[in-house]
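What follows is a single structure, written as C-alpha cells, with notes after it.
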Amino acid sequence: MRPDTPAENVDHTAEAARLERTAGLYPEDAEALLLRAAAHLELSGDRPAATTLYDRLMSSSEELEDPHLVRALKASNLWEYGHEAEARAIIDGVRMSAPRDAAPWVIVAESLEAHDELEAAEETFTEGARLLLPEGTEPPRATHPLLYGRHRVRRMRGLPHDDWDTLADTLHTSPVPLDELHDPKRVWSLGSDNPAELAAEISRLRAELGAYREALSRPFPVAVLHWPAPELTELLSAYDALTAEYPSHETHLATIEASLRELASSGTANLGIVTGTVPSYEAFAASEGSSPSDPTLLPQYATTLAARGRAVAWPPQRGTSCWCGSDRTYDACHGTQEQVAGV
C-alpha cells in the first residue's frame, strides 16, 4: 500500500495478507510487518485474527525488539471484543514492567480511557511520564503523546493544570489550543442549532484530525543508506565498482550527515537513516534481477529498507547516541558543525 493511499480506499484484509507474506520473505523484519498486519485486521473488524498475530509474535522463538508494545496492542484489541479481564491483566503487567518506550504506556492508557477508566488512565499516563521524562530534560518527540493524553484525561476529570499540562500546551503546535481540543463541554456544541458554533466545532475537529494523522500515519521516511565500517569493507571488496560511491568510511559518514541537513533545510520532513548489510543488499539485487555492482540500486535498497520499518529517525534526540554507532552522543559526534564542514 502506498503511504498516500486514502484510508477509505484500503482493503484492510488484503493488505494484512500482503504484509504477512512479506514477513515470510523478510523474517528479520517480521515484528514490524506483522504489527502492521494486525493493525489492518483490527481496522477490518477481524479482531480475533489480530489477536492471533499478536500471539504468534509473543510465542516466536526470535527475541522481540519491543515485547511491551506487542502486549499493549494485544490488550487494547482484546478489550474491544469483550475480553476485559484478560486485557486488564495484560495492562497491569505492562505497567509493572515499566517499559522504557512511550508507545506501550500510551496504548494501555488510551485503552483505559476508551472504557471510561479515567483515573486509571491518568495514573498510567503519569507513571510513563515520570519514568521517561526526568526533570530538566527536553521531552523527545515520542513522549509527546504521553503528555497530550495526560492533559486530555485531566481536562475531562476537571483537574487544574500542573507543570506537565503547561509543558503539553507548549509542545502542542496545532492552531487550536489543547485546552480547547480537550474541553469536555465540546460535545454539547454538536447539538447546537447555531451555525457559528457548529462551524467552530468543525474547525476544531479538522485541526484535531490533522494532528492525529501526523502522529499516527507514520509514512516511511526519506531515508539515507548507512554502511557500518565492516559492512562497507566487505561490500567494496566484493564490488569494487562501488568504490566511486564510497571513497572512505569517514567520507561516507560525513556525506550522510550533510545530505540529511541539506534535505532538512529544504523543508523535507520525516528524515531517517537505514543501515545496510551485504547479504541483505545482495538478496535485494537478486530480487531486482540486477547486479550489486550497479550504484543505481543503492537508493532503491534504502527505500525498501525504510518501507520495511528499518529506518531510524534523524536527527537523534539530544543526549542520545550518534546514529553512526560510535560511543559518543550525537551532539558530540556527527551533530557538531565541524563534522559537516569536513565533508
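Contact check for Trp314 versus Val224: no side-chain heavy atoms found under the 4.5 Å cut-off. Taking the side chain as every heavy atom from C-beta outward, Leu35 and Leu53 never approach each other to under 4.5 Å. Looking at heavy atoms from C-beta onward, Thr124 lies out of side-chain contact with Arg150 at the 4.5 angstrom threshold.
Residues Asp162 and Arg154 are paired through a salt bridge, judged by an N-O separation under 4.0 Å between the basic side chain and the carboxylate. Residues Arg71 and Glu86 are not paired through a salt bridge, judged by the lack of any N-O separation under 4.0 Å between the basic side chain and the carboxylate. The pair Asp66-Arg100 fails the salt-bridge criterion, with no side-chain N (NZ, NE, NH1 or NH2) lying under 4.0 Å from an Asp/Glu carboxylate O. Using a 4.0 Å cut-off between charged side-chain N and carboxylate O, Arg18 and Glu15 make a salt bridge. The residues Arg88 and Glu117 are annotated as salt-bridged, a charged nitrogen and a carboxylate oxygen being separated by less than 4.0 angstrom.
Nearest heavy atom pair, residue Cys333 against residue Cys324, reads SG-SG, 3.7 Å. Nearest heavy atoms, Ala98 versus Leu131: O-CD2, 3.5 Å. Of all heavy-atom pairs spanning Ala50 and Asn77, the tightest one is CB-ND2, 3.8 Å.
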Output, in order, the C-alpha distance, side-chain angles, deciding distance and verdict of side chain to side chain contact (heavy atoms under 4.5 Å, CB included) for Tyr54 and Leu34. CA-CA 8 Å; Tyr54 295 134; Leu34 291 178; over 6 Å; no
Could you walk me through whether Trp164 and Arg130 pass the side chain to side chain contact (heavy atoms under 4.5 Å, CB included) check? CA-CA 10 Å; Trp164 271 334; Arg130 284 177 180 154; 3.4 Å; yes
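No single ILVMFWY cluster, assembled from side-chain heavy atoms under 4.5 Å apart, contains both Leu33 and Phe284. Connection of Val274 to Leu297 is established within a shared hydrophobic cluster, with ILVMFWY side chains joined at heavy-atom distances below 4.5 Å, either directly or through further cluster members.
In this structure, the side chain of Thr170 engages the main chain of Thr166 through a donor-acceptor pair within 3.5 Å. Looking at Glu257, its side chain never comes within 3.5 Å of a backbone N or O of Leu253 through a donor-acceptor pair. A donor-acceptor pair is defined here as one N or O able to donate and one able to accept, closer than 3.5 Å; such a pair exists between the side chain of His252 and the backbone of Trp227. Judged by distance alone, with hydrogens and angles left aside, the side-chain atoms of Glu231 form a donor-acceptor pair with the main-chain N or O of Val278 at under 3.5 Å. Judged purely by atom type and a 3.5 angstrom limit, His249 uses its side chain to pair as donor or acceptor with the backbone of Ala229.
Aromatic rings of His161 and His151 (six-membered ring for Trp) have centroids within the 6.0 Å cut-off, being under it.
Glu28 CD: more than 12 foreign heavy atoms inside a 6.0 Å radius.
Atom CD of residue Glu20 and atom CZ of residue Arg56 lie 5.5 Å apart, to the nearest 0.5 angstrom.
If you check the side chains of Asp294 and Thr296, you find a donor sitting under 3.5 Å from an acceptor. One side chain, Tyr239 or Glu282, offers a donor N or O that lies under 3.5 Å from an acceptor on the other.
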